[in-house]
Visitor: 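The structure's right below; bear with me while I get my questions together.
Counting starts at 1 for both ligands and their atoms, following the listed order.
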Amino acid sequence: MIKINDLHKSFGDNQVLKGIDAHINHGEVVSVIGPSGSGKSTFLRCINLLEQPTLGDILIDDQSITATDACVDKLRQKVGMVFQNFNLFPHKTVKQNIMLAPVKLGLMTAQQAETEANMLLEQVGLKDKASAYPSSLSGGQKQRVAIARALAMKPELMLFDEPTSALDPEMVGDVLDVMKSLAQKGMTMVIVTHEMGFARDVSDRVIFMDGGVIVESCEPEILFSAPKQLRTQEFLSKVL
Ligand code: ADP
Ligand code: MG
């Protein structure tokens with residue numbers, strides 16, 4: 001579904017991504033782990049063109065998203081993104097947050113979007129919060145609304161950038177449960193995370209990044225119990 005060929009990204013003379021090659025298949029759940037500053041967020045942000053790659057190519061369903069005639073709006077519809085800090089619209093209710101994009105882009109009528117929003121709120125366990133404003137929600141609830149909002153666009157691929165890093169520990173489980181059930185439903189997902197237990201349980205594959213390259217990419221059982229690369233071993237010895 002996604003092919004990434006020799007992806008480079010620099011900010012000025014700071015080379016952040018130094019040639020990333022990766023394939024992600026339909027329905028695959030891929031976790032990306034690695035030290036802070038290794039380029040994980042930049043990698044995700046290139047996949048939905050929040051950052052423009054400096055060099056290299058990204059194909060989604062065999063279409064280049066980096067080609068000059070590529071349609072960014074269409075791409076963004078296919079690719080949902082969930083951030084560490086939720087990014088909800090503060091002056092809209094939970095339900096309005098979820099309905100906004102599909103209605104604005106003419107993908108659904110307001111009525112369709114509302115039906116969809118109700119269903120999604122049920123899915124993330126927040127049916128009773130439809131009329132609440134984000135400021136009245138806990139971090140874990142905000143993040144579940146953010147996931148519902150991304151799903152409202154019916155994306156083919158979901159990107160998560162440390163979705164539980166800003167949460168109090170007792171909120172983490174509810175968010176991970178929602179992500180786990182999405183994975184079980186067959187959603188294609190790329191998840192940057194520090195939750196090693198989750199990465200190990202839920203991922204089909206784990207990518208370890210360091211210094212702007214993929215150091216190692218394999219099944220979680222192998223990566224966590226018998227990593228081949230010294231850099232992976234060193235990183236895991238610090239975080240496990
Ligand atoms: P990670 O998510 O693994 O912590 P990032 O992709 O956020 O790493 O950042 C990697 C490097 O890229 C850092 O040195 C950071 O300062 C730099 N960087 C990221 N985004 C920008 C930006 N928009 N402008 C300039 N430098 C950036
Ligand atoms: Mg990051």
Visitor: Please report which non-hydrogen protein atom sits nearest to atom 7 (O) of ligand 1, along with the residue it belongs to and the distance in Å to one decimal place.
Guide: Ser41 CB, 3.6 Å

Visitor: Can you sort out which atoms of ligand 1 are near Pro35, meaning under 4.0 Å from one of its heavy atoms?
Guide: 3 (O)

Visitor: Between Pro53 and Ile58, is any pair of side-chain heavy atoms under 4.5 Å apart?
Guide: yes

Visitor: Taking atom types as modelled, is there a side-chain donor on Ser38 or Asp210 under 3.5 Å from an acceptor on the other?
Guide: no

Visitor: Of all the non-hydrogen atoms in the protein, which one sits nearest to atom 6 (O) of ligand 1, and at what distance?
Guide: Thr42 OG1, 2.5 Å

Visitor: Quick one: does Gly37 get an N or O within less than 3.5 Å of an N or O on ligand 1?
Guide: yes

Visitor: For atom 8 (O) of ligand 1, what is the closest protein heavy atom, and at what distance to 0.1 Å?
Guide: Gly39 N, 3.2 Å

Visitor: Need the ligand 1 atom indices (1-based, order shown) with element for anything under 4.0 Å from a heavy-atom of Val16.
Guide: 10 (C), 11 (C), 12 (O), 17 (C)

Visitor: Tell me which protein heavy atom sits closest to atom 16 (O) of ligand 1, plus the residue, atom name and distance to 0.1 Å.
Guide: Asn14 ND2, 4.4 Å

Visitor: Which residue and non-hydrogen atom of the protein lie closest to atom 23 (N) of ligand 1, and at what distance in Å?
Guide: Phe11 CE2, 3.4 Å

Visitor: Does any N, O or S atom of Ser41, backbone or side chain, fall under 2.8 Å from the Mg ion (ligand 2)?
Guide: yes

Visitor: Does the side chain of Ile191 reach to within under 4.5 Å of the side chain of Ser203, using non-hydrogen atoms?
Guide: no

Visitor: Mark up the atoms of ligand 1 that fall under 4.0 Å of a heavy atom belonging to Glu51, in ascending order.
Guide: 23 (N)

Visitor: Compute whether any side-chain donor of one residue and acceptor of the other, for Asn48 and Lys78, lie under 3.5 angstrom apart.
Guide: no

